Peer 1: 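Input: one structure, supplied below.
Just so you know, these numbers come straight off a predicted model, no measurement behind them. The first residue of the sequence shown is numbered 1, and numbering continues consecutively from there. Ligands are counted one by one from 1 in listed order, and the atoms in each one are counted from 1 as well.
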Amino acid sequence: MSDRDSRHKASMERLKTHVDEKVARADQERGLLLVNTGNGKGKTTAAWGTVTRSLGYGYKVGVVQFIKGLWECGERNRLEDDPNLEVVVMATGFTWETQDREADTQACLAVWQDAERMLADPETYLVVLDEITYMLKFGYLDIERVKRALENRPPEQTVIITGRSAHRELIGMADTVTEMQEVRHAFNAGVKARRGIDY
Ligand code: ATP
Ligand code: MG
């Protein structure tokens, strides 16, 4: 064996020992709280990827989209016929379209009730709260209420929160936090959001 090959072999052996130790240490089995945040693209895409993953094992999944109701979504189109998936979308438009704080708060609280129902259901394996970070930021939803629902959820249930500027208490509570970092986005070069790619 060449010098380079034996160095590689030794390095791989060290890596294997390290990974084996980590695998042995990960002995907990429970639902997780994941936060996909940051300014880069991919937060909602990754959440839908995980929804597909869970549905692929026949688990029951709930998705609540805290966004404009008419916003198209390819994943929703593709998956909505799955009897294990429930999707709830906020009814009214975004705040900068309606400029109506009271109506937006009511719309938000209405879908939050669906979220609370899902978060209390032990049969629901995964709950996605898409773009909920803005509801907290705009003051439509109370962080204490959200924390309570998350803390009291069934231990086997996983929750994914998406959106920019996640509340620091959510970040503090989460098991896995991923910050999508924007290196570049086509939109800033004048390219329109693309069907099947951006929505
Ligand atoms: P995606 O839904 O593509 O995973 P996202 O959830 O990370 O994006 P949002 O802030 O929710 O990001 O974006 C909503 C829409 O804006 C999507 O069409 C998305 O592709 C697009 N978008 C995402 N990041 C950026 C960005 N940095 N600049 C401009 N548009 C963006
Ligand atoms: Mg998103």
Peer 1: Once the angle between the rings of Tyr59 and Tyr125 is folded into 0 to 90°, is it parallel (under 30°), tilted (30 to 60°) or perpendicular (over 60°)?
Peer 2: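 It falls in the parallel class, under 30°.
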Peer 1: What do you reckon, is NE2 of His185 surrounded by more than 12 foreign heavy atoms closer than 6.0 Å?
Peer 2: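 Atom NE2 in His185 is crowded, with more than 12 foreign heavy atoms closer than 6.0 Å.
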Peer 1: If you measure from each non-hydrogen atom of Phe187 to ligand 1, which part falls under 4.0 Å: side chain, backbone, both or neither?
Peer 2: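 The side chain, only.
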Peer 1: Going by the side chain to side chain contact (heavy atoms under 4.5 Å, CB included) test, name the single residue among Leu85, Ile160, Val88 that passes it with Val63.
Peer 2: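 Looking at Leu85, Ile160, Val88, the match for Val63 under the side chain to side chain contact (heavy atoms under 4.5 Å, CB included) is Leu85.
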Peer 1: Should one rank Arg194, Arg195, Arg164 by closest heavy-atom distance to atom 10 (O) of ligand 1, which comes out on top?
Peer 2: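 It is Arg164 that holds the nearest heavy atom.
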Peer 1: Determine, stepwise, if the pair Leu34 / Val159 fulfils side chain to side chain contact (heavy atoms under 4.5 Å, CB included).
Peer 2: CA-CA 6 Å; Leu34 285 75; Val159 177; over 6 Å; no
Peer 1: Is there a side-chain contact between Val146 and Trp112 (heavy atoms, below 4.5 Å)?
Peer 2: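 Val146 reaches Trp112 side chain to side chain.
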Peer 1: Counting non-hydrogen protein atoms only, what is the nearest one to atom 3 (O) of ligand 1? Give residue, atom name and distance.
Peer 2: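 It is Lys41 NZ, 2.6 Å.
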Peer 1: Of the protein's non-hydrogen atoms, which lies at the shortest distance from atom 8 (O) of ligand 1, and what is that distance?
Peer 2: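 Here the nearest protein heavy atom works out to Gly42 N, 3.6 Å.
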Peer 1: Considering only non-hydrogen protein atoms, determine which one is nearest to atom 1 (P) of ligand 1 and report residue, atom name and distance to 0.1 Å.
Peer 2: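 Checking every protein heavy atom, the shortest distance to atom 1 (P) of ligand 1 gives Thr45 OG1, 3.3 Å.
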Peer 1: Between Asp20 and Lys16, is there a side-chain N and carboxylate O pair less than 4.0 Å apart?
Peer 2: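 Yes, Asp20 and Lys16 are salt-bridged.
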Peer 1: Please lay out, stage by stage, how Asn36 and Thr44 fare under the test side chain to side chain contact (heavy atoms under 4.5 Å, CB included).
Peer 2: CA-CA 8 Å; Asn36 295 349; Thr44 299; over 6 Å; no
Peer 1: Could you tell me the residue and atom name of the protein heavy atom closest to atom 2 (O) of ligand 1, and the distance to it rounded to 0.1 Å?
Peer 2: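 Answer, as residue, atom name and distance: Thr44 CB, 3.4 Å.
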Peer 1: Around the Mg ion (ligand 2), list the protein N/O/S atoms within a radius below 2.8 Å, excluding water molecules.
Peer 2: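 The answer is Thr44 OG1, Glu131 OE2.
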Peer 1: Determine whether the side chain, the backbone, both or neither of Asn39 has a heavy atom under 4.0 Å from any heavy atom of ligand 1.
Peer 2: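 Under 4.0 Å from ligand 1, Asn39 contributes backbone atoms alone.
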Peer 1: With heavy atoms under 4.0 Å as the rule, classify the contact between Glu182 and ligand 1 as side chain, backbone, both or neither.
Peer 2: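 It is the side chain that gets close, since no backbone atom is under 4.0 Å.
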Peer 1: Look up atom 12 (O) of ligand 1 and tell me if a protein heavy atom lies less than 4.0 Å from it?
Peer 2: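 Neighbour list for atom 12 (O) of ligand 1 includes protein heavy atoms (cut-off 4.0 Å).
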Peer 1: Just distance, no hydrogens or angles: give the donor-acceptor pairs under 3.5 Å from side chains in residues 186-197, sequence neighbours left out.
Peer 2:
| from | atom 1 | to | atom 2 | distance (Å) |
| --- | --- | --- | --- | --- |
| Asn188 | ND2 | Glu182 | OE2 | 3.4 |

Peer 1: Counting non-hydrogen protein atoms only, what is the nearest one to atom 18 (O) of ligand 1? Give residue, atom name and distance.
Peer 2: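 Going atom by atom, the protein heavy atom closest to atom 18 (O) of ligand 1 ends up being Asp198 O, 2.9 Å.
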Peer 1: Name the closest protein heavy atom to atom 14 (C) of ligand 1, giving the residue it belongs to and the distance to 0.1 Å.
Peer 2: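 Going atom by atom, the protein heavy atom closest to atom 14 (C) of ligand 1 ends up being Trp71 CZ2, 4.9 Å.
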Peer 1: Donor-acceptor pair, distance only, cut-off 3.5 Å: does the side chain of Thr37 make one with the backbone of Glu179?
Peer 2: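 No: the side chain of Thr37 does not pair with the backbone of Glu179.
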Peer 1: Hey, mind stepping through Arg117 and Thr124 against side chain to side chain contact (heavy atoms under 4.5 Å, CB included) and telling me if it holds?
Peer 2: CA-CA 10 Å; Arg117 171 176 48 79; Thr124 302; over 6 Å; no
Peer 1: Step by step, would you call Thr52 with Arg78 a side chain to side chain contact (heavy atoms under 4.5 Å, CB included)?
Peer 2: CA-CA 10 Å; Thr52 311; Arg78 180 66 177 80; over 6 Å; no
Peer 1: What's the shortest distance from atom 22 (N) of ligand 1 to any protein heavy atom, and which residue and atom give it?
Peer 2: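 So the nearest neighbour among protein heavy atoms is His185 NE2, 3.3 Å.
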Peer 1: If you measure from each non-hydrogen atom of Met180 to ligand 1, which part falls under 4.0 Å: side chain, backbone, both or neither?
Peer 2: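 The answer is neither.
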Peer 1: Backbone N or O of Val51 within a donor-acceptor pair of the Ser54 side chain at under 3.5 Å?
Peer 2: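 Checked: no pair found.
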